[in-house]
There are 2 protein chains.
Amino acid sequence: MKIDPDSNAALSAQIAKAIRDAIISGALDVDERLPSEAELADQFDVSRPTIREALKRLAAQSLIRTQRGAFGGAFVRHLSYADAREQLVTTSTLLLSMNDISFDTACEARFALERACAPMAAERRQPEQLAIMAAEIARQGEPELSDEAFCASDVAFHRALIDGAQNPVLSYQLSGSIEAMQPLMNMITYTARSRAEIVEIHTDLMAAIDSRNAASAAETLVQLEKVTKRLAHSVMAAKSIARSVAKSPDHAPISAD
Amino acid sequence: MKIDPDSNAALSAQIAKAIRDAIISGALDVDERLPSEAELADQFDVSRPTIREALKRLAAQSLIRTQRGAFGGAFVRHLSYADAREQLVTTSTLLLSMNDISFDTACEARFALERACAPMAAERRQPEQLAIMAAEIARQGEPELSDEAFCASDVAFHRALIDGAQNPVLSYQLSGSIEAMQPLMNMITYTARSRAEIVEIHTDLMAAIDSRNAASAAETLVQLEKVTKRLAHSVMAAKSIARSVAKSPDHAPISAD
DNA sequence: GATTTTCATTTGTCAGACATTTAAAAGTCT
DNA sequence: AGACTTTTAAATGTCTGACAAATGAAAATC
């Protein structure tokens with residue numbers, strides 16, 4: 001592993017990249033122990049704090065885990081689906097919030113992906129997924145449910161749908177995408193009427209999945225996309241009027257207390 | 001923001017989480033400057049190296065960038081599509097390599113996603129994407145092309161296809177997924193005959209997109225998925241036989257499913 | 001007024017030290 | 001001998017203090 005001290009890139013970044021490449025290329029196996037910080041500092045000819053910063057970068061990406069004590073150290077981490085999804089959600093959420101993406105664009109992408117696994121879900125769904133969908137539909141009918149809880153239930157419903165495809169890679173990709181859209185969906189205020197409309201569509205969707213009707217499921221998802229966009233538009237129109245009247249609030253700086 | 005020194009989580013991890021939450025929640029705007037390391041150390045009541053480790057974690061996730069010099073410091077980073085895709089590729093690649101996922105599962109997920117944007121690509125594709133597809137098909141016909149270069153061209157072709165949908169969110173998700181599969185695809189040795197078969201399918205696919213025939217595009221993708229799986233199976237079967245002859249067969253051979 | 005120099009600020013890095021955790025190894029008792 | 005306890009060494013987590021390098025603003029100079 002070569003490190004160039006004259007590069008403008010920080011040493012810790014270069015070292016992190018070297019180790020990351022070793023992990024991705026498979027030169028380091030899962031659960032394999034990396035040399036101790038002191039040894040790495042020797043090998044790369046840098047100080048221990050610099051090595052530590054590099055290791056923290058890798059830890060932030062869930063590439064390694066560290067363990068204290070004798071025979072502890074940094075180990076190549078087994079990346080679980082849950083870890084991977086968390087990373088995906090963080091990245092996607094930020095991407096959506098920072099890039100001036102219209103609700104329609106995000107919504108379109110989300111439903112396009114969801115339609116992709118609808119046929120597979122219709123074919124392979126298990127009683128488990130149908131039970132979750134039924135339970136969430138029931139919850140969505142409760143009138144005293146808050147908007148946030150309604151949204152959370154919506155996410156759970158769609159995750160069950162996705163999981164019905166019985167493909168963990170697809171579940172990882174899709175659930176990340178849907179979770180990332182939750183902040184956008186939370187901006188919507190769900191009236192009783194719009195909730196009833198959504199519940200009805202969810203019911204249709206579940207029926208289509210239950211009866212293994214792929215075409216109907218896809219069609220229902222198209223309908224749901226239209227309704228979601230329409231709801232968002234009406235809310236945003238209202239907000240846009242409100243914004244032009246009120247002033248934008250300045251944000252509080254970081255404080256330790 | 002409260003930091004609990006008695007928690008088993010490392011201080012730097014807690015601090016990173018606190019700042020990350022502030023960024024995601026929008027309390028810190030894009031390009032806003034964070035307090036200096038010394039100020040943060042004061043606020044959180046920890047030493048500067050600890051703060052630095054926390055900041056490196058955030059830098060690894062592309063959440064902040066740092067700038068040296070007077071009026072430098074850490075700034076909330078604008079997460080570009082390119083950065084986000086890089087993160088996604090890293091995560092997805094590791095997920096695939098570490099979780100004993102069968103080729104079929106990954107392949108199925110990839111083509112399901114790709115089929116999702118085929119109709120949109122058929123409807124909206126621009127001359128730009130068609131030109132790229134044509135160029136890549138031409139390249140794939142060159143006999144002296146290495147397997148790796150063929151794979152790279154394949155990725156470029158499919159990226160043009162998904163870019164045809166004119167939805168950047170979809171492009172981000174899909175191109176990440178396809179790039180992450182590249183190491184798996186690189187395991188395949190492409191014979192002249194299989195290359196011809198793939199080129200033919202690509203030609204059909206481009207024709208379908210060109211003529212805005214969504215159904216045909218989807219159908220062709222189904223065909224390509226089948227061919228890809230078949231190719232992978234034959235390669236893996238050959239590898240498995242080679243291994244059982246060469247070495248002790250006490251460990252289960254690689255299975256294609 | 002334009003250019004150069006100085007300078008304060010901030011990150012990047014290093015060195016050494018101590019605290020804490022942890023599991024292996026040694027010791028002790030039954 | 002076997003089970004339990006204590007010791008101990010190794011490793012990460014953290015702190016203090018310091019210096020180097022970069023960088024933009026302000027002061028000085030032409």
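Numbers restart at 1 for each chain; the letters A, B, ... are given by sequence-line order, proteins then strands. Note that this is a predicted model, so its numbers are computed, not measured.
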With a 6.0 Å cut-off (strictly less than), is the heavy-atom count around [atom1] of [X], excluding the residue itself, greater than 12?
X: A:Lys229; atom1: NZ; answer: yes
X: A:Glu86; atom1: CD; answer: no
X: A:Glu32; atom1: CD; answer: yes

For [X] and [N], what is the distance between atoms [atom1] and [atom2] respectively, to the nearest whole Å?
X: B:Glu39; N: C:dT11; atom1: CD; atom2: P; answer: 9 Å
X: A:Phe75; N: D:dA10; atom1: CZ; atom2: C1'; answer: 12 Å
X: A:Leu40; N: C:dC14; atom1: CG; atom2: P; answer: 14 Å
X: B:Lys56; N: C:dT13; atom1: NZ; atom2: C1'; answer: 11 Å
X: A:Ile51; N: D:dT12; atom1: CD1; atom2: P; answer: 10 Å
X: B:Arg33; N: C:dT9; atom1: CZ; atom2: C1'; answer: 9 Å
X: A:Asp42; N: D:dA11; atom1: CG; atom2: C1'; answer: 15 Å
X: A:Leu11; N: D:dA21; atom1: CG; atom2: C1'; answer: 12 Å

[N] OP1/OP2 closer than 4.0 Å to side-chain N/O of [X]:
X: B:Ser12; N: D:dG13; value: no
X: A:Gln67; N: C:dA23; value: yes
X: A:Arg48; N: D:dT14; value: no
X: A:Thr66; N: D:dA11; value: no
X: A:Arg52; N: D:dT12; value: no

Earlier contact from the 5' end, DNA chain D, for B:Phe71 and B:Ser47: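 Nearest nucleotide further toward 5': that of B:Ser47.
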Trace of the salt bridge (charged side-chain N to carboxylate O under 4.0 Å, His left out) decision for B:Arg68 with B:Glu37: CA-CA 12 Å; B:Arg68 283 169 72 162; B:Glu37 294 176 356; over 6 Å; no
Residue closer to the 5' end of DNA chain C, A:Asp45 versus A:Ala70 (nearest nucleotide):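 That would be A:Asp45.
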Contact nearer the 5' end of DNA chain C, comparing B:Ala38 with B:Pro49: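 First, find each residue's nearest nucleotide; the 5'-ward one identifies B:Ala38.
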Counting side-chain heavy atoms from CB outward, which of [options] is closest to [X]?
X: A:Glu37; options: D:dT12, C:dG12, D:dT14; answer: D:dT12
X: B:Val46; options: D:dC15, D:dA11, C:dG12; answer: D:dC15
X: A:Ala10; options: D:dG13, D:dC15, C:dT13; answer: C:dT13

Worked check of salt bridge (charged side-chain N to carboxylate O under 4.0 Å, His left out) between A:Arg65 and A:Asp83: CA-CA 12 Å; A:Arg65 62 188 157 80; A:Asp83 294 329; over 6 Å; no
B:Arg68 (side chain) and D:dT23 (base): donor-acceptor pair under 3.5 Å: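 In this structure, the two groups form no donor-acceptor pair.
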Sugar-phosphate only, base, or nothing, as touched by B:Arg65 at under 4.0 Å among non-hydrogen atoms: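 Answer is nothing: B:Arg65 stays at 4.0 Å or more from every strand.
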Working for salt bridge (charged side-chain N to carboxylate O under 4.0 Å, His left out), residues B:Arg57 and B:Glu53: CA-CA 6 Å; B:Arg57 295 176 115 107; B:Glu53 288 179 9; 5.3 Å; no
